[in-house]
Amino acid sequence: MFGLVDCNNFYVSCERVFQPRLEGRPVVILSNNDGCIISRSAEAKALGLKMGDPYFQVKEQLRREQVQVFSSNYTLYGDMSRRVMHYLGASVPGVEIYSIDEAFLDLGGLEQRLTPYLGNLTDLAQRLRVGVKARTGIPVCVGVAPTKTLAKLANRLAKKDAGLGGVLYLDSGARRAWALGQVPVGDVWGVGRQYAQKLTAAGIDSAADLSRVSEAWARKFLGGVVGARLVRELQGYPCAGLAPSEDGTLHRQSISCSRTFGRPLREQASVLGAVSAFVARAAEKLRRQGDLAHVLTVFVSKNRFGPAADAGSGHSRSAVLTLPVPTSDTRELTARAAQLLARLWEPGAVYVKAGVVMAGLEAPGGQQLGLFGEAAPLAAGAAGEGRSAQMMAALDGLNARFGRGTVQLAAALGPKGGGPVPWQGQAAWRTPAYTTRLEDLMIVK
DNA sequence: TCTGGGGTCCTAGGACCC
DNA sequence: TCTGGGGTCCTAGGACCC
């Protein structure tokens, strides 16, 4: 049996924890660069504001309706997320962190172990909900069902129907059938815009309808094996297990960093500065995960909304490099990224965004084995790697202690003589890092 | 003027190998 | 005339997720 815990309007909820005056009022959080709406309170949703609405398009409405607007504060959200996940991890046998605001729970066999005193899985889910709220201030809903897909569906209903008290357990065939009938096919986990269109055109409107299509049909029209699994999961046959997240962190298979610039850039030096800063950030994440990258990608994008951007595609170009030796050294990665950027560069072009992706991640050590598994005789190289690791550890230590960007490569610095960094974007309404910066600690007088 | 960022998995096709 | 069948790796692209 799976549980799915989902934080309600997570980013808004995080802000509300530290600003109780926001309770009951419409609140939205904006994406990086204050570009789009990415989190909305229930009151904001009721005003018709949509996920992804560009800020400049709804600016007037926000002002008129006195909506409280905030830039995103990922330092705060990340820390709040850790607290929620830690509590969940301490409360049930297995937790898979699915995203910053969602976690799957392993509730297998738990029903049998619950005593009359402890109650059933609904009671357990209810206790978790109350516990998270009491310890972190974050409201959550819980869905419980025999498959992940059904747990997501149950969670969705628990969130929508206030009468359920934030928890829904699909404990019988009858209840599952009822739940499937409640949910439009486009709201099923794994059905996006394209598939929803295809499905409704075929007369499949609800999750219940979708649960009745044949496997062959699902394979043909819903992306092959993915679609087949999706339908099986709706029928109650689990196709995915729980992958517990060790020590409360998420291990990723690729790590990236990308940003839309504060303003369009046409000078290669400026874009190189941005790319260097992105490499530094991504390499930091890479080292925190304890991995080396074998594959490096750099991409640059032109404005995809401009008049020239017909057909929508072709606004982005990327270059990929398989590194001779996997690394997490910012200096090595920056040099390689600069080469890739030079390869991509179109003179005269105007770029609005760039990014780097590190993939082919592996733990140190494994890559040095020779053909027959023996340690390769790379004494000099190994010593070099030791020095590199020491240097990077020192870099990370200083930046952790004195703030991000205290020590960085010259390539990632802004223009000489200070002034605004050309690639840095807007964050006009960012709240303090209440929980992670001593200077930002809330003082209660 | 202004339209996010960071992920996952799967498929298909080509090159190359034995 | 006949035109294998595995396998790998790589790239590009598509769809989805929060």
Side-chain angles (χ1 to χ4, degrees), chain A residues 4-11 28-40 50-60 62 71-72 74 77-78 81 96-104 148-149 152 155-156 186-199 218-230 239-240 243 250-264 278 281-282 285-286 289 294-295 297 299 301-306 309 312-322 352-361 425-428:
Chain A
L4 176 67
V5 178
D6 191 331
C7 303
N8 307 351
N9 318 326
F10 182 55
Y11 299 167
V28 300
I29 311 294
L30 301 181
S31 68
N32 218 291
N33 217 9
D34 293 339
C36 304
I37 292 178
I38 54 168
S39 181
R40 307 158 292 155
K50 295 276 179 290
M51 188 74 172
D53 276 351
Y55 171 65
F56 76 94
Q57 282 177 6
V58 293
K59 198 173 175 174
E60 255 317 295
L62 296 174
S71 308
S72 37
Y74 288 105
Y77 311 151
S81 172
E96 175 185 338
I97 300 173
Y98 177 67
S99 72
I100 195 165
D101 66 346
E102 274 179 69
F104 284 105
K148 284 180 161 180
T149 307
K152 289 279 286 186
N155 183 286
R156 197 182 164 285
D187 289 342
V188 172
W189 189 41
V191 177
R193 259 227 308 276
Q194 307 291 323
Y195 291 166
Q197 213 175 359
K198 233 186 269 190
L199 287 164
R219 272 182 188 273
K220 184 154 183 206
F221 295 107
L222 300 177
V225 65
V226 184
R229 286 206 284 252
L230 200 171
C239 299
L250 243 168
H251 197 93
R252 326 230 65 142
Q253 300 182 28
S254 70
I255 286 174
S256 62
C257 181
S258 67
R259 289 283 182 286
T260 300
F261 307 138
R263 61 175 170 82
F278 302 160
R281 181 80 191 94
K285 293 193 223 173
L286 184 64
Q289 179 165 304
H294 210 150
V295 178
T297 302
F299 69 87
S301 309
K302 303 175 194 172
N303 186 1
R304 64 181 207 261
F305 298 102
S313 66
H315 65 277
S316 196
R317 277 170 40 103
S318 62
V320 188
L321 176 70
T322 299
V352 301
K353 175 181 179 170
V356 304
V357 184
M358 295 175 191
L361 307 190
Q426 290 292 306

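The structure presented is a predicted model; accordingly, all values stated were derived computationally and were not measured. Per chain, numbering begins at 1; letters A, B, ... match sequence-line order. The basis for the numbers below is simple: all heavy atoms, side chains too, and nothing from hydrogens, waters or symmetry mates.
At a threshold of 4.0 angstrom between heavy atoms, the contacts of A/Glu102 are confined to the sugar-phosphate backbone, with no base atom among them. Counting any heavy atom pair closer than 4.0 Å across all strands shown, A/Asn32 reaches sugar-phosphate atoms only and no base atom. Contact annotation for A/Asp101: backbone-only contact, meaning every heavy-atom pair under 4.0 Å involves sugar-phosphate atoms and none involves a base. Within the nucleic acid shown, A/Tyr98 comes within 4.0 Å of sugar-phosphate atoms alone, with no base atom in reach, counting heavy atoms only. Nucleic acid contact for A/Lys198: none, since no nucleic acid atom lies under 4.0 Å from a heavy atom of the residue.
Side-chain atoms of A/Ser72 come within 3.5 Å of backbone N or O of A/Leu30 as a donor-acceptor pair.
Looking at the side chain of A/Ser258, the nearest of the listed nucleotides B/dG5, B/dG4, B/dC2 is B/dG5. Considering only side-chain atoms of A/Cys36, the nucleotide from B/dG6, C/dC18, B/dG4 that sits closest is B/dG4.
Counting heavy-atom neighbours within 6.0 Å of A/Lys198 NZ, excluding the residue itself, gives a total above 12.
A/Arg304 has a side-chain polar atom (N or O) that falls below the 4.0 Å cut-off from OP1 or OP2 of B/dG4. Residue A/Lys353 places no side-chain N or O under 4.0 Å from the OP1 or OP2 atom of B/dT3.
In DNA chain C, runs of at least 3 stacked Watson-Crick or G-U pairs (N1-N3 plus N6-O4 or O6-N4, or N1-O2 plus O6-N3, all under 3.5 Å) give these stems: B:5-18 with C:5-18.
Between A/Gln289 and A/Leu250, the shortest heavy-atom distance links the atoms OE1-O, 3.9 Å.
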Close N or O pairs between protein and nucleotides 8-17 of chain B (under 3.5 Å):
from	atom 1	to	atom 2	distance (Å)
B/dT8	OP1	A/Gln253	N	2.7
B/dT8	OP2	A/Ser254	OG	2.9
B/dC9	OP1	A/Gln253	NE2	3.4
B/dC9	OP2	A/Gln253	OE1	3.3
B/dC10	OP1	A/Arg229	NH2	2.5

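A/Tyr11 and A/Tyr77 have parallel rings, their planes meeting at less than 30° on a 0 to 90° scale where 60° marks the start of perpendicular.
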